[in-house]
Amino acid sequence: MTNQQIAKIFREIAQILSVKDENPFRIRAYEKAAQNIENLTQDLKELAKTGKLTSIPGIGQDLALKIKEILETGTLKYYEELKKSTPPGLLKILEIPSVGPKTAKLLYEKLNIDSIEKLEEFAKSGKLYGLPGIREKTIENILKGIELIKKGKERMPLYKALEIASSFIDYLKSFSIVKKISEAGSVRRRKDTIKDIDILVVTSDPLKVSEEFVNFKKVKEILAKGTTKSSVLTDEDIQVDLRVVDPECFGSALMYFTGSKAFNIKFRQLALKSGYKVNEYGVFKGEKRVCGATEEEIFDFFGMEYILPELREDQGEIELALNKSLPKVISFEDVKGDLHVHSKYSDGGYTIREIADFCRKLGFEYVAICDHSQSLKVAGGVSIENLLKKIEEVKKINSEYKDFKVLCGAEVDILNDGSLDYPQEILEKLDLVIAAIHTGFKQSKSQLTQRIIKACKNKYVDIIAHPTGRLWGQREGYEIDLEEIIKVCLQTQTALEINCFPQRLDLNDINAKKAVESGVLLSLGTDAHILDQIHFLELGVSVARRAWATKENVINCWSWEKIKEWRQKRIKS
DNA sequence: GCCGTTTTCGGCCCGACTGTTTTCAGTCG
């Protein structure tokens with residue numbers, strides 16, 4: 001049983017309890033526990049062994065026992081009993097937008113509706129009409145919700161959300177009445193997947209802005225429209241929420257709508273303890289408004305350091321901010337170069353010189369050109385003969401730059417037996433070696449893990465690329481024992497990549513945080529095949545920030561000389 | 001079900017919008 005699986009059980013228990021109209025605080029306790037487990041960087045099995053389960057926030061005696069039971073028996077009696085009392089389809093019904101626990105319970109008790117199909121049938125035949133609180137509009141909304149479910153309203157990857165958010169923001173910015181505008185929500189926190197998009201504006205004319213917002217060409221349907229809050233559905237069925245606030249509330253509103261929910265709850269509780277109420281309109285002492293125009297002002301008011309949006313997940317950042325001991329996480333400006341770019345030597349679209357000039361203009365100090373290795377024929381794997389030519393070309397280019405360095409690297413395949421796709425004497429000639437798995441995804445967990453571990457133990461390997469192999473919309477990551485790999489990386493001083501390619505973002509935030517906490521180095525690589533993709537570095541920086549990584553943890557923030565020392569030390573040992 | 005510089009019992013973040021009511025419950029974030 002993995003952390004994620006256990007979290008899922010708790011989440012499902014919360015849902016079942018909500019349909020049963022149980023104590024809402026008990027329900028939230030399960031939700032909170034599930035959330036904290038999802039974000040946990042330690043393994044529950046380890047915590048259980050050492051009796052430290054209750055050190056997880058939101059896990060008390062009772063839930064600790066339940067976790068132990070799941071770990072020991074593979075299931076939970078309480079959960080199995082609950083499931084028996086609730087038809088599985090009822091939980092599906094809860095996923096329909098506009099249908100919450102109260103409605104689901106009502107539908108089940110009055111009409112025995114226990115599946116989405118049945119609900120749709122009843123809604124269409126008019127049998128819902130007349131139930132307490134249900135008239136035309138409600139039925140219409142239920143049917144719309146069912147349509148959305150059928151289309152599969154799943155979370156979208158971050159890059160997609162950023163794209164949509166900026167199209168709305170650019171559009172709204174074109175109106176002079178929009179004085180201030182910002183993204184909020186999980187987009188601003190740069191979560192790797194996003195459910196819907198939140199935008200916040202300050203304006204002299206709220207009604208007009210709401211009007212223009214719902215009239216945007218990408219809007220397919222208006223879900224809600226008020227003076228301070230409107231919601232629409234785009235032509236791609238993505239929900240975008242607009243909030244209109246007064247300038248003196250901008251900070252408190254931005255903070256509130258940025259979340260996360262858990263962060264907000266913790267922050268408000270903290271404020272209450274010191275006698276203040278915090279809502280989206282500001283910080284209040286009784287009726288008196290104390291502050292709220294900027295986020296900085298609010299954090300400052302409570303004697304806290306500013307907490308970056310990427311850190312706001314109630315993972316201990318609030319306590320650290322109070323102690324003024326937040327880690328100084330990296331920012332884009334700290335990054336001195338991209339360590340994973342493909343050139344025309346393999347399957348990239350540009351020459352090394354073009355890439356170098358592009359990166360130099362971006363203000364970078366170096367770039368590592370890491371083309372595929374010889375056996376990866378589908379991606380134009382570079383033969384040894386061509387690799388030697390590439391080394392010469394890089395030398396020549398470097399001789400022409402004073403302020404920029406091209407690293408001649410390779411993304412070398414980890415072969416089935418864990419050996420590398422170039423011989424040692426060739427690897428020795430390179431400036432940077434990234435090792436990666438591109439074949440045999442279906443192998444067992446231990447096989448894949450051993451392949452990567454063997455690669456880590458090769459002294460020439462600097463970085464493991466896209467360690468878990470996940471590819472958005474195509475496949476989950478292949479099964480590896482990341483804890484084991486992290487242990488080995490710490491010994492061998494091998495870095496793990498945060499692959500910045502939008503569909504990858506691999507390592508993800510949680511895994512990257514595990515690496516940081518264990519003292520394993522991270523490397524940012526865009527895997528760019530064309531120049532524009534080098535901008536993906538910003539996505540990788542977001543992941544690193546969410547992993548609480550500092551400049552010391554990310555080798556891209558080092559000078560080339562320091563990277564060289566790091567790898568020489570390993571090679572000589 | 002969790003948790004404790006008001007507490008081991010009695011709290012638990014807070015407000016907007018909708019659709020149904022005729023003052024409010026449900027849903028959402």
Side-chain angles (χ1 to χ4, degrees), chain A residues 10 13-14 17-19 21-36 53-67 78 93-107 128-142 144-145 184-189 194-200 206 210 214 222-232 239-245 249 252-253 255-284 314 318 322:
Chain A
F10 284 173
I13 290 175
L17 292 177
S18 74
V19 189
D21 207 13
E22 274 269 1
N23 176 358
F25 298 108
R26 196 159 158 238
I27 296 168
R28 220 175 62 198
Y30 275 99
E31 278 168 355
K32 196 174 159 70
Q35 201 217 341
N36 286 334
L53 284 173
T54 50
S55 70
I56 306 167
I59 305 289
Q61 287 306 318
D62 182 89
L63 290 183
L65 278 174
K66 287 191 164 80
I67 292 172
Y78 174 66
I93 289 178
L94 275 182
E95 288 170 21
I96 303 170
S98 86
V99 179
K102 296 287 191 303
T103 313
K105 184 169 188 265
L106 176 81
L107 294 169
L128 299 185
Y129 192 92
L131 285 176
I134 295 184
R135 292 282 190 274
E136 290 92 347
K137 268 292 191 182
T138 307
I139 296 174
E140 199 183 303
N141 285 337
I142 289 175
K144 273 185 198 164
S186 49
V187 175
R188 184 159 180 253
R189 300 202 315 281
I194 308 289
K195 197 162 123 256
D196 44 36
I197 292 165
D198 293 289
I199 296 169
L200 197 66
S210 303
V214 300
I222 303 166
L223 299 174
K225 186 162 162 278
T227 50
T228 65
K229 180 186 165 180
S230 305
S231 290
V232 297
Q239 187 173 329
V240 183
D241 297 340
L242 180 79
R243 324 276 174 157
V244 180
V245 300
C249 305
S252 45
M255 201 165 145
Y256 173 65
F257 292 117
T258 296
S260 63
K261 190 174 170 177
F263 173 88
N264 283 348
I265 291 175
K266 174 68 75 65
F267 195 87
R268 286 174 183 209
Q269 278 173 340
L270 204 99
L272 276 178
K273 272 183 203 156
S274 38
Y276 294 92
K277 188 178 81 167
V278 177
N279 60 25
E280 55 263 56
Y281 299 105
V283 179
F284 295 85
D314 187 20
I318 295 178
L322 277 168

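Values below: all heavy atoms of this structure, side chains included; hydrogens, waters and symmetry mates excluded. Chain identifiers are assigned alphabetically (A, B, ...) following the order of the sequence lines, protein sequences preceding nucleic acid strands; residue numbering begins at 1 within each chain. Treat the numbers as computed from the prediction; the structure is a model and nothing was measured.
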Between [M] and [N] - [atom1] atom distance, rounded Å:
N	M	atom1	value
dC3(B)	dC13(B)	C1'	16 Å
dG15(B)	dT7(B)	P	26 Å
dT20(B)	dC14(B)	C1'	23 Å
dG1(B)	dT8(B)	C1'	15 Å
dT6(B)	dG11(B)	C1'	11 Å
dC17(B)	dT22(B)	P	23 Å

Can you confirm whether [X] sits close enough to [Y] that some side-chain heavy atom of one is under 4.5 Å from a side-chain heavy atom of the other?
X	Y	answer
Arg268(A)	Asn279(A)	yes
Asp62(A)	Lys66(A)	yes
Thr103(A)	Ile96(A)	no

Using a 4.0 Å heavy-atom cut-off, does [X] contact any base of the nucleic acid, only the sugar-phosphate backbone, or nothing at all?
X	result
Lys225(A)	sugar-phosphate
Thr103(A)	sugar-phosphate
Tyr281(A)	sugar-phosphate
Lys261(A)	base
Pro24(A)	nothing
Ser231(A)	nothing

Closest of dG19(B), dC17(B), dG29(B) to the Asp198(A) side chain is dG29(B)
When you get a sec, tell me which of dC17(B), dG29(B), dT20(B) is the closest nucleotide to the side chain of Thr138(A)?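 It is dT20(B).
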Could you go over nucleotides 21-25 of chain B and give all protein N or O partners under 3.5 Å, atom names and distances?
residue : atom : partner   : partner atom : Å
dT21(B) : OP1  : Arg135(A) : NH2          : 2.7

Please check: side-chain N/O of [X] versus main-chain N/O of [Y], any donor-acceptor pairing under 3.5 Å?
X	Y	result
Arg189(A)	Thr258(A)	yes
Ser260(A)	Phe263(A)	yes
Ser210(A)	Pro206(A)	yes

Could you check if the base of dT6(B) is syn or anti? Syn means the glycosidic torsion is within 90 degrees of 0.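 Anti for dT6(B); the angle lies over 90° from 0.
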For residues 22-30 of chain A, please give each side-chain donor-acceptor pair under 3.5 Å, one per line with the distance, not counting sequence neighbours.
residue  : atom : partner  : partner atom : Å
Glu22(A) : OE1  : Arg26(A) : NH1          : 3.0
Glu22(A) : OE2  : Arg26(A) : NH1          : 3.4
Asn23(A) : OD1  : Phe25(A) : N            : 2.9
Arg26(A) : NH2  : Tyr78(A) : OH           : 2.8

According to a strict under-4.0 Å criterion, is [X] in side-chain N/O contact with OP1 or OP2 of [N]?
X	N	result
Asn279(A)	dG15(B)	yes
Arg243(A)	dG29(B)	no
Thr228(A)	dC17(B)	yes
Lys277(A)	dG15(B)	yes
Ser230(A)	dC17(B)	no

Tell me the partner of dG19(B), counting only Watson-Crick (N1-N3 plus N6-O4 or O6-N4) or G-U wobble (N1-O2 and O6-N3) with both under 3.5 Å; none if nothing fits.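 Across all strands, the one nucleotide that pairs with dG19(B) is dC24(B).
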Tell me: [atom1] of [X] to [atom2] of [N], nearest whole Å?
X	N	atom1	atom2	result
Leu106(A)	dG19(B)	CG	P	18 Å
Phe267(A)	dG29(B)	CZ	P	23 Å
Ile265(A)	dC28(B)	CD1	C1'	13 Å
Glu140(A)	dT18(B)	CD	P	14 Å
Arg268(A)	dG29(B)	CZ	C1'	11 Å
Leu223(A)	dT18(B)	CG	P	10 Å
Phe284(A)	dC14(B)	CZ	P	12 Å
Lys144(A)	dT27(B)	NZ	P	17 Å

Nearest heavy-atom pair of Arg135(A) and Leu131(A): which atoms, and what distance? NH1-O, 4.2 Å
Just do the side chain to side chain contact (heavy atoms under 4.5 Å, CB included) check on Gln239(A) and Ser231(A) with the steps written out, would you? CA-CA 7 Å; Gln239(A) 187 173 329; Ser231(A) 290; 3.8 Å; yes
Report, as a single string ordered 5' to 3', how protein heavy atoms within less than 4.0 Å touch nucleotides 1-6 of chain B: B base, S sugar-phosphate only, - not at all. BSS---
Separation of Tyr256(A) OH from Arg243(A) CZ (nearest 0.5 Å): 7.0 Å
Drop me the distance from Asp21(A)'s CG to Leu106(A)'s CG, to the nearest 0.5 angstrom.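 The CG atom of Leu106(A) is 11.0 Å from CG of Asp21(A), to the nearest 0.5 Å.
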Run the side chain to side chain contact (heavy atoms under 4.5 Å, CB included) test on Val244(A) and Thr227(A) for me, step by step, so that the C-alpha distance in whole Å, both residues' side-chain angles and the decisive distance to 0.1 Å come before the verdict. CA-CA 7 Å; Val244(A) 180; Thr227(A) 50; over 6 Å; no
